[in-house]
Amino acid sequence: MSFLEFLNFHLVPGIVLGSVYAVGAIGITLVFGILRFAHFAHGDMATLGAFIALALVTAGLTPWAALPVAMAAVAVVAIVVDKLFYDYLKARPKIMTVMASLGVALMLRAVVQVVFGVDPRTYATGIVRPDDYFGILLRDRELYTLAAVVLIVVGLTLFLRHSRWGKAMRAMSDNPDLARLSGVDNRKVTMLTWAIVGALCAASGFMLGINNELQSMMGWQVLLPMFAAAILGGVGRVEGAVLGGLIVGVAEEMSIFILPAQYKAATAFVLLLLILLVRPRGLLNGKVL
Amino acid sequence: MALLDMKDVRGGYGDADILHGVSMTVGEREIVVIVGPNGAGKSTAMKSVFGLLAIRGGHIVFDGEDITAWAPDRIVQRGICYVPQVDNVFREMTVHENFEMGAFLRRGDLSAAYDRVYGLFPDLKAKRKNLAGDLSGGQRQMVAMGRALMLDPKLLLLDEPTAGLSPKYMEQIFQITRDVRDAGVSILLVEQHAKQALAFCDRGYVLATGANRHEGTGQALLADREVAEMFLGG
Amino acid sequence: MKRKTIAGLVGAVLGAAVVAAPAHAQDVKIGLMAAISGPIAALAPPMAAASKLAVAHVNEQGGILNGGKLEAVLGDSACNPQNATDTATKAVNIDRVLAIVGPACSGAVLATANSVAVPAGVLLITPSGTSPEITKLADKDLVFRTLPSDDYQGRALARTLKARGIEKVAVAYLNNDYGKGLAESFKAEFEANGGTLAGYSGHEEGKASYRSELATLARGGADTLVIFDYGDGTGLTILRQSLENGFFKTFVGADGMKSEGLVKSIGAQNLDGFFVSAPVGEASASLDNFNKAYKAAGENIDAVFATTSYDAAFLAALAIEKAGGDKAKLAESLRAVAMAPGEPIMAGEWAKAKQLIAEGKDIDYKGAGGDHEFDAAGDVPGKYAFFKVSGTGYESVADMQ
Amino acid sequence: MDLLGLANYAVFMAILIGIYALLALGLNIQWGFTGLFNAGIAGFFAVGAYASAILTSLPASGRLGGYELPLVVGWLAAMAAAALIAWPIGKICLRFRSDYLAIATIGVAEIIRLVIRTEGWLTGGVRGVTGIPRPFGDLDYMPSQIAYLAIVATLVLVAYLLVERQVKSPWGRMMRAIRDNELAAAAMGKQVEARRLQAFVFGSALMGLAGALFVHFNRSVTPEAIDPMIATFLIWIMLILGGSGNNRGAILGAAVIWIIWSVSELLTDRLPTEVAVQAKYARVFIIGLTLQLVLRFRPEGILPERQPGAPPHR
């Protein structure tokens, strides 16, 4: 195997996949860090976002123009879901909310199946052969995916670091009681968090869809790699989620060197169990809840 | 008229009462300390002021307005700030961001408030970009007080600010508390180190089993035989 | 209190079921157990539609027995044994079906046959369970299938590729009973005939990228990739990623890959090198009949397992007609109507079949998906053709041996 | 109307309810009494199922097994195997908050599923194990079903009595104290971890037994039986609805949910074809919604946990 082959067929796909995982993992880590529960409906929310974008594409938009609309739509869905199904549980043990999110996952999936059916779909027909950049093969959609991920991460980081409400979100994540004592309205922060998380869900679902096909189970199937990425990076750490996502993505594509291909799906879980065993706070020293 | 006037307050966290009638006042520019044995309801009494427990009797009047059973965020806006005993800083935010969060409810130019806080805690000026979680215990306590002072409150509630600190830092915290008082803020604090606290405060209350036991100036309480024997260990 | 609650609930449920299931004396019910939810959900709707088409043909052309109505009870086997046995038990006991068409997945077939159909003496015809394990069932001759065990197709495909001069291939199979069964028989036959496997690897469904697996397979140096997977599922992803990265020149799939959705998604112009095998009936007139009717019903004629689903339901109806509605004679009657000798009956020719049966003449159903000459185990030998992409669908290029 | 058919269906439903009741009892030990969020029930179910299948089935080429051991050995082995898998997982994960345990157990269940699918020499791979004996399987349909129901019912009763005894013992009181009061838990230190591990292992063993009962009923097992929707999430909903912390609630929840799940299909079957397929997806929606409604309006379940010392519920 030449070095270029290694780059083109193992490393680059791993990085592209890892970027998609990263976008999902950021959302998971935000919910985990700020609202303090494991959000199991995350994957199916991503599916919903991907299919909303598909509906827009069918209506005539280009995929990349459909993305922001889908992000806004799922942001609203996330806020509504929170109001309907999570909010009233906030005084009860967090695990109740985890369970409620499982129920939401099933409901969202059923909605997608009833409305869009169960056949695999694509945003565009045909295939795209890659362009050659000094031996490295990349498709436009992969470049756009990477660019979008960078944009999202930089934008989110700037927002969290420098904006008033971004800081309020960090404060809630850091010390919710003290944030309340300081006059931070946690309902507003919760709503804002869901808006961002919903938008991120839609983005990750869209990227998964544009690099492959869309199907009703797609989100559920990437949920666990995304959780693995979030915990690997350190719960509550945006940059950790990105790092974790890249590691999980690359590890999955590299697993073929060690394990039979059937075990590819197990890579994320093995990484997850290992990190829990040796370093439960994650690589970047996140929270242990 | 006193700035804060608590009258015969009863209540607790759940169904059972912890406070069985606590009354106290805090005047303008006054340091008032609450002491008493473990389980006397000292912290609970303080939290009742801040709307953190269910009050089932009595009144709390602040600055001429009845604030009994108000929600904390409303009380904050009215001019009372509270520094919890533990977890009282945002560990993953910088010192400066901690202060910024303290002033979350305030709009407009905050430079005067920053100047005042950094003036009170000059040590922190050099560490403004450090994460609060990386500071020493005493410095963290200063960050916590600074955060609370950013809203320019009339009354500051301190819950055992010296817990776990070395005597050197304890002295420093007491000194800062006086500085804050001198800057025009009234202070109500709960203290385990009863002797030292009574020695530096203006007035003190001794609570036991959720009710008032003794009250008076710090010096008077220190001189009281009964207080000395029962609560101060001789 | 608990016992009372349970008793009350059970009572209410049974009461509801009694009210909900009015039965007319002459009507006959069969159960359709499609895997509507679960991992192969995408395959289920066309399969159910095909079976329903057979039922519609029966009812349009004189009905069943003495002018009774054939009714299909649709159940969701969800591709897992828990749901499958549950839905089969309801079909058998509440709806009193005489025959079950399905379930779709082999694991569900095994469980349903073992714990419901065989003990209750109900005929079971699966249109898509391909596992060789089904052959081995101790089934009192009640379990049949309208498509061959994986074994036949894998071997036929291996011989065809060899005959077309392909000596070296790589194999990527979906790790389920369908994909693995095909892959194993293909491997055995291909190597026995002197072919070389330059790569052989299974994959799980639903991953977002298969590029590293494909690169590893391509490294073996073969130009041809054999994909045993579903064109409405992971197979599409595999094919797309292979094409986009130029890993192989030629792609060969089995019937699961013969999907029109795949052609639509990837584009016919990109699929010059894509071939599939699929079972065909000897009397292709039967297939034409089916295709015409199925298309008229608004369905996609290349849907996987559509022909076999039609045939399974049609055969069940024929067997019931022949047996005069007598449950004990169903297996024997099925063999009589499906196997030579006899007057050939094509798909859709219910009226003709009904008349011949009434006259006491022997008939031989030539199905849309094959002739269905059952062997002792209730399996059918396959007849296959080799297809290439043409327009938005597929076109037969050669028969297979 | 055919009453015999209904009776057959009722017996069948009761058998599955019994199997689910065992799963729910196992989960009740872990979640109801100890507060451990096991989201990988399907994994322990599968380990038990395959352990018993391999030991008791007829010989077959290409895979381990064909020992044709007696059923009791298979069932004990199913419990032992599930317990053996649970032990290291508990050892690693029980230190963390329940969310982590949830994610870790989902991961473990998924790894177990992949191993079962892939390692054909051990489990028959995707083709599964067939030729598993069913006690009284040679009888006619109805008597055979009834005999199996009797076995399942007996085992559920035994499990129920065992768990009840355990819960009322000092062990049970301590577990609840630990669950309800983190400080008390911390104060008891090391011992807590050991007790939690015991609960986790004990609960998993019951899940393994349920797996074994399931495969002997079907005489076969394939990897599709390890579907998290049906073998994990449905159990959770059963326990929450029935009343976590109450063993009778667990059994009642299993009955109610399985009846709703099973009978809802009878109703959707009556719909016209065009919407019948859609209605099957809606069934999943209904399960999700049921969970939400229970959490909202009856979070303590139909039969709430009885506080020690409080009068028994009526």
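Order of the sequence lines fixes the chain letters, A, B, ..., with proteins taken first and strands second; residue numbering starts at 1 for each chain.
Residues meeting the ring pair (Phe, Tyr, Trp, His ring centres under 6.0 Å) test with A:Phe227, sequence neighbours left out: A:Phe40. Residues that satisfy the ring pair (Phe, Tyr, Trp, His ring centres under 6.0 Å) test with B:Phe174, not counting sequence neighbours, are B:Phe200.
For residues 71-81 of chain A, heavy-atom neighbours of chain B at less than 4.5 Å comprise no residues at all.
Within 6.0 Å of atom CE in A:Met96, more than 12 heavy atoms from other residues, nucleotides or ligands are found, so the atom counts as buried in its surroundings.
In this structure a side-chain-to-backbone donor-acceptor pair under 3.5 Å is missing from B:Asp202 to B:Val32. The closest donor-acceptor contact from the side chain of B:Ser186 to the backbone of B:Gly27 lies under 3.5 Å. Judged by distance alone, the side chain of B:Lys42 and the main-chain N or O of B:Gly36 form a donor-acceptor pair under 3.5 Å.
The shortest non-hydrogen separation linking B:Gly11 to B:Leu53 is C-CD1, 3.9 Å.
Atom CD1 of A:Ile196 and atom CD1 of A:Ile34 lie 7.5 Å apart (nearest 0.5 Å). In this structure, NZ on B:Lys7 lies 8.5 Å from NE2 on B:His59, to the nearest 0.5 angstrom. Here the CZ-CG distance, from B:Phe62 to B:Leu4, works out to 7.0 Å after rounding to the nearest 0.5 Å.
Contact count against chain A (heavy-atom pairs under 4.5 Å) is highest for B:Leu105 among B:Leu52, B:Leu105, B:Ile75, B:Leu151.
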Let me see the donor-acceptor pairs closer than 3.5 Å between chain B and chain A, or none if nothing turns up.
from: B:Asp87; atom 1: O; to: A:Asn175; atom 2: ND2; distance (Å): 2.6
from: B:Val89; atom 1: O; to: A:Asn175; atom 2: ND2; distance (Å): 3.3
from: B:Arg91; atom 1: N; to: A:Asp174; atom 2: OD1; distance (Å): 3.2
from: B:Arg91; atom 1: N; to: A:Asp174; atom 2: OD2; distance (Å): 3.0
from: B:Glu92; atom 1: N; to: A:Asp174; atom 2: OD2; distance (Å): 2.5
from: B:Glu97; atom 1: OE1; to: A:Arg170; atom 2: NH2; distance (Å): 2.7
from: B:Glu97; atom 1: OE2; to: A:Arg170; atom 2: NH1; distance (Å): 3.1
from: B:Glu97; atom 1: OE2; to: A:Arg170; atom 2: NH2; distance (Å): 3.3
from: B:Glu100; atom 1: OE1; to: A:Lys167; atom 2: NZ; distance (Å): 2.9
from: B:Glu100; atom 1: OE2; to: A:Lys167; atom 2: NZ; distance (Å): 2.4
from: B:Phe104; atom 1: O; to: A:Arg164; atom 2: NH1; distance (Å): 2.7
from: B:Phe104; atom 1: O; to: A:Arg164; atom 2: NH2; distance (Å): 3.0
from: B:Arg147; atom 1: NH1; to: A:Ser182; atom 2: OG; distance (Å): 2.7

